[in-house]
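Below is one structure, written out as structure tokens; the observations come after it.
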There are 2 protein chains.
Amino acid sequence: MGEKRTPSGFLLKQRAFLKLYLITLTEQERLYGLKLLDVLRQEFKPLGYRPNHSEVYKALHDLIEDGILKQVKQKKEGMKYQEVVYYRFAEGGQEKAKLYKRQLKAELDRCAALIRKAIEDNYS
Amino acid sequence: MGEKRTPSGFLLKQRAFLKLYLITLTEQERLYGLKLLDVLRQEFKPLGYRPNHSEVYKALHDLIEDGILKQVKQKKEGMKYQEVVYYRFAEGGQEKAKLYKRQLKAELDRCAALIRKAIEDNYS
DNA sequence: CCATGAACACCTTGTTCATAG
DNA sequence: CTATGAACAAGGTGTTCATGG
């Protein structure tokens, strides 16, 4: 019944991928949910990847649970009344972010190797 | 009710990945289900990927539905009575396989680009 | 034990709905 | 309309069970 599933170790999940980008974007500029979505969609458009809004929100909530980010509700720039949720690093979040990024780097390298191997093995 | 879900276009699915390998392995040598699993596990062990038997069977069944492979029940080499299911190309399966592999090549290249971009964007 | 297969349960993720400005 | 969020449901995949040698 309550057996935990052991992952097979195939490619990384979308959620983890988005969390990585959201950390990096938080390092660079102050943005809120839908704006982050917009940036990501623009970035990945040439590669045929179009994340949806729920995934971005869930990734952001994950990062909050991880103690990496925190929410900062603020008036949107220019707008007088529209309040949106910006993100910045939580206390101690920078270090946790650094650790997470290090783990993801290893995972991305592994995935790159997996794909490279598939190309070699099947197209030579 | 029967609304189809549009994939977001993130990384390719395990099933497709396995189907590609199973086609290539069928080109090379005659093997049956669990033996194919064994080969794949050995291949990917250094990369931390360990597919399970059900996924391999489902991928093989998919390839049959696609008209690419067909089953050949035969006595296992050496054994007198144990009958196992070998695979070979169905009639016209070679061409379909070639087409499938061409599609997967494009998909693998896309995934490689996605991962390469993530490494560049987040680690520079 | 090996081998094949299907049923089942869980997990990820896309879609929809609810609330608020 | 934008924005955030949660609920829901479809799809993918790991685990278990059934059958047979």
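Each chain gets a letter, A, B and so on, in the order its sequence line appears, and its residues count up from 1.
- Applying the salt bridge (Lys or Arg N to Asp or Glu O under 4.0 Å) test to pairs two or more places apart or on separate chains, those with a residue in residues 23-32 of chain B are B:Glu27-B:Lys101.
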For residues 56-66 of chain A, run the donor-acceptor check on the side chains, cut-off 3.5 Å, and write out each pair with its distance to 0.1 Å, sequence neighbours left out.
| from | atom 1 | to | atom 2 | distance (Å) |
| --- | --- | --- | --- | --- |
| A:His61 | ND1 | A:Tyr57 | O | 3.4 |
| A:Asp66 | OD2 | A:Lys19 | NZ | 2.8 |

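- Between A:Lys73 and A:Ser8, the one whose closest nucleotide on DNA chain D sits nearer the 5' end is A:Lys73.
- Following chains of ILVMFWY side-chain contacts shorter than 4.5 Å, one cannot reach B:Tyr123 starting from A:Leu99, and the two form parts of different hydrophobic clusters.
- Separation of the A:Phe44 and A:Tyr21 ring centroids falls under the 6.0 Å cut-off.
- Backbone-only engagement by A:Tyr87 is indicated by non-hydrogen atom pairs under 4.0 Å involving sugar-phosphate atoms exclusively.
- DNA chain D is contacted by both A:Gly9 and A:Gly33; A:Gly33 maps to the nucleotide lying nearer its 5′ end (nearest heavy atom per residue).
- Distance A:Phe10 CZ to D:dT13 P: 8 Å, rounded to the nearest Å.
- For A:Arg5 against C:dC11, no side-chain N or O and base N or O form a donor-acceptor pair under 3.5 Å.
- Shown for residues 47-58 of chain B: residues whose heavy atoms fall under 4.0 angstrom of DNA chain C, namely B:His53, B:Ser54, B:Tyr57.
- Between B:Phe10 and A:Phe17, the ring center distance clears the sub-6.0 Å criterion.
- When each of C:dT4, C:dT13, D:dA3 is scored by its nearest atom to the side-chain atoms of A:Leu34, the top-ranked nucleotide is D:dA3.
- The separation between A:Lys35 atom NZ and D:dA3 atom C1' is 11 Å, rounded to whole Å.
- Around atom CZ of A:Arg110, more than 12 heavy atoms belonging to other residues, nucleotides or ligands sit under 6.0 Å away.
- Between the base of D:dT13 and the side chain of B:Arg15 there is no donor-acceptor pair shorter than 3.5 Å.
- Separating the CD atom of A:Glu83 from the P atom of D:dG5 is a distance of 11 Å, rounded to the nearest angstrom.
- Taking side-chain N and O atoms only, B:Gln14 has no distance below 4.0 Å to OP1 or OP2 of C:dC11.
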